[in-house]
There are 2 protein chains.
Amino acid sequence: MSEINIRALAKALNLSIGTVSKALKDSYEISAETKERVIALAKALNYNPNPYASSLRRKKSNTIAVVIPEVADSFFSAAIKGIEDVAQLKGYHVLLYLTFEQYEKEKKILQECRNGRVDGILMSVTSETIDTVHISELLTDTDNPIPLVFFDRAMDGINVQRVTTNDFESSFAATQHLIDAGCRNIVYLSVSKNLHINNKRIAGFKQALLQNHLKTEEHNVADCSNDGAYNHQLINKILTSNNRPDGIIAGVEKLIAPVYVVCQQAGIHIPSQIKFISFSNLPYAPILNPSLTTVTQPAFEMGQQAATLLFKAIEKKGSSAMDEHIILPATLVIRNSTGMEGRLD
Amino acid sequence: MSEINIRALAKALNLSIGTVSKALKDSYEISAETKERVIALAKALNYNPNPYASSLRRKKSNTIAVVIPEVADSFFSAAIKGIEDVAQLKGYHVLLYLTFEQYEKEKKILQECRNGRVDGILMSVTSETIDTVHISELLTDTDNPIPLVFFDRAMDGINVQRVTTNDFESSFAATQHLIDAGCRNIVYLSVSKNLHINNKRIAGFKQALLQNHLKTEEHNVADCSNDGAYNHQLINKILTSNNRPDGIIAGVEKLIAPVYVVCQQAGIHIPSQIKFISFSNLPYAPILNPSLTTVTQPAFEMGQQAATLLFKAIEKKGSSAMDEHIILPATLVIRNSTGMEGRLD
DNA sequence: TATATTCACGAAACCGTTTTCGTTACAACG
DNA sequence: CGTTGTAACGAAAACGGTTTCGTGAATATA
């Protein structure tokens, strides 16, 4: 912090500290003339008020926390852009916390948020997160309930505002699209049984199978993990089994590469031998080989809306309806990985 | 902030505030017995010290700022992971600021850092950033020089620690690889003439041409912008001109997609008709059509090293050698986009 | 025994703002 | 003329920690 503080300003102007403070905040108590003098000198000396002194006194930090499992994912990186966008507009600062998909880290991070460091929290839970006590503790703090908004990866059984996509419907549509393309043995690559969005997507998947009179069997849902090597093996096992599927839906972006790689290695052609859809915001989907049909979420907008919701909750302190639930539609972008074309290469 | 503060603790324990504070910080002044009592109650009441009160008094925020132009770029997202990794280890908090490639935002953000909010700054400059006064102002603040470390996109003419890659050499190597593959008319797609790394890469490119007795002409370096539509048009113009190049080097990841798309649209086959290399950390490079030869930076490690350097500077306050310059090697990963194979598809 | 030292803790200043609550001077008002 | 009101500012108490300095008791030293 620079040596010039409000005290130095006051001394130079021969005013009291309080007067300077009020002048800078354009208080009605201060004459126009004095305000001008104060502001002029403040600008000349490049005065920058200490944010922590202010936070301490006002019990307001103008800072929010963004708690996410990962940043190298096109959904999250786009969502962060949306969040930053409205945060900058609102004059808020953004603390970024990565949980690296670890529940313990998430717990610790949230715990550290309970001391006034942030005015609110935006989060997408870890794939390991099962219980919600660490979250509900924040909300039910008798003295200081801290506003929290889920985006994308929300938790059930807890009364929290959230911004998500229509996971059931979009998964249903993706599945239907595969069925329409001729698939009869579709495998859904699941992220984590703990994730609500994952389960909604599985539900949509199963419902589509049901409505098309296709049986859902054990092997139709495969649980992937956070271990890339394990996932690769699992996918390899599925795609080289006797009962090889003719359609794949990946519930998360990081499963795209292993599917493509395994297909390439095993000589399985997409889409003639197997069709593939992934939930993903990857801007490179159009230039993959073949281009990838995706369920694409409006990530940027989701970030914006979640942040907007949070700021509303912060400002209205308590009066906010906790059950607000914004659902934005994802779009099925059809490309060649589910196309009907034969083997061209 | 929760209602339990250090005062409440002190009252409950029948101790003075100062004693409780010292006990929690494991001061030698406090008896083991008292420390135990204090810590036990603190844990029981879930006491969480107010960070801003502490920051105010200690003039230390335990927070750093990460100022970058963009997050939806695989280099930056990986670098952030590295930064978060060591920040969490060191007990620091990370404020994320996106400049959206806008110089004005960068300036404003840095200005806001000059009030004690952060103990240090990690940054990659905007493609618009020309002068360095907004940066040198931070460093030469008579009273409070705030440590800053560049990573990747550094600025010249200013004495700042930095972590970069061997841009000249890797660009040289990439160019040489294209020449070895038979290219004689290579175009370098430049990010921004303002960026130091970009100019180093161009220099390496030109040097390679020179050493191979190839002339560098005007059209061999094409300036792209931050406008996607403009870039697309420019690339389209280049690839459909009479003097169509037989090799392309893209200086930044975001130019990959337009090159592929234009080639596809114009029916130009990679690599038989044109060969393509991009600077990029894209994990999807192997599954593009064709797989993309890349110059890949050790992004995660760069984030780690930059953060480590910054923390060292923060701790040693002043005694740090400002000219420390860590250069990590990028690697040329050869894939099919520069391969010799003919048209197979 | 007188003095020095160590131990364990309390009192209070301090960090830089914000905000409440005076206080003064002056105008308005009956 | 006494009262009220208002405009413009100052004094001081917060906010919740940290840190310096003091202080009394116990122990060691001469």
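- At whole-Å resolution of the value, CD in A/E33 and C1' in D/dC9 are 13 Å apart.
- Each of B/S21 and A/A53 was assigned the nucleotide of DNA chain D with the nearest heavy atom; the assignment lying further toward the 5' end belongs to A/A53.
- Here D/dT18 presents its P atom at 15 Å from OH of A/Y52, a figure rounded to the nearest Å.
- Rounding to whole angstrom units, CG of residue B/L9 and C1' of D/dG17 are separated by 12 Å.
- Ion pairing between a basic and an acidic side chain is recognised when a charged N comes within 4.0 Å of a carboxylate O; A/K105 and A/E70 show no such pairing.
- One interatomic measurement links the two molecules: CD1 of A/I17 to P of D/dA13, which rounds to 13 Å at whole-angstrom precision.
- Within the structure, a side-chain polar atom (N or O) of A/N5 is placed less than 4.0 Å from OP1 or OP2 of C/dG16.
- Checked against A/V20 for a side chain to side chain contact (heavy atoms under 4.5 Å, CB included), the options A/I6, A/T34, A/I30, A/I39 give a single hit: A/I6.
- At whole-Å resolution of the value, NZ in A/K35 and P in D/dA7 are 12 Å apart.
- Between B/I6 and A/R57, the one whose closest nucleotide on DNA chain D sits nearer the 5' end is A/R57.
- Taking atom CG on A/L56 and atom P on D/dA13, their separation rounds to 17 Å, with Å as the unit.
- Rounded to an integer number of Å, the gap from A/E29 CD to C/dT20 P is 9 Å.
- Here the side chain of B/K22 pairs no donor or acceptor atom with the backbone of B/I17 at under 3.5 angstrom.
- Considering only side-chain atoms of B/R58, the nucleotide from C/dC9, C/dG16, D/dT19 that sits closest is D/dT19.
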The test is salt bridge (charged side-chain N to carboxylate O under 4.0 Å, His left out); show your working for B/E101 and B/R153 and say whether it passes. CA-CA 12 Å; B/E101 297 279 10; B/R153 293 194 189 177; 3.0 Å; yes
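- Backbone-only contact: B/L15 has heavy atoms under 4.0 Å from sugar-phosphate atoms and none from a base.
- Of the side-chain N and O atoms in B/T34, one or more sit less than 4.0 angstrom from OP1 or OP2 of C/dC9.
- Interface remark: the B/K22 side chain does form a donor-acceptor pair with the D/dT20 base, using a distance-only criterion of under 3.5 Å.
- Mapping A/S54 and B/S31 onto DNA chain C via the closest heavy atom, the residue that lands nearer the 5' end is B/S31.
- For D/dG17, its base never sits under 3.5 Å from the side chain of B/K25 at any donor and acceptor pair.
- Separating the CG atom of B/D26 from the P atom of C/dA8 is a distance of 13 Å, rounded to the nearest angstrom.
- In terms of phosphate contacts, A/T19 brings a side-chain nitrogen or oxygen within less than 4.0 Å of OP1 or OP2 of D/dG10.
- Phosphate proximity of C/dG16 to B/K59: present, with a side-chain N or O under 4.0 Å from OP1 or OP2.
- In terms of heavy atoms, B/D156 sits closest to B/T132 at O-CG2, 4.1 Å.
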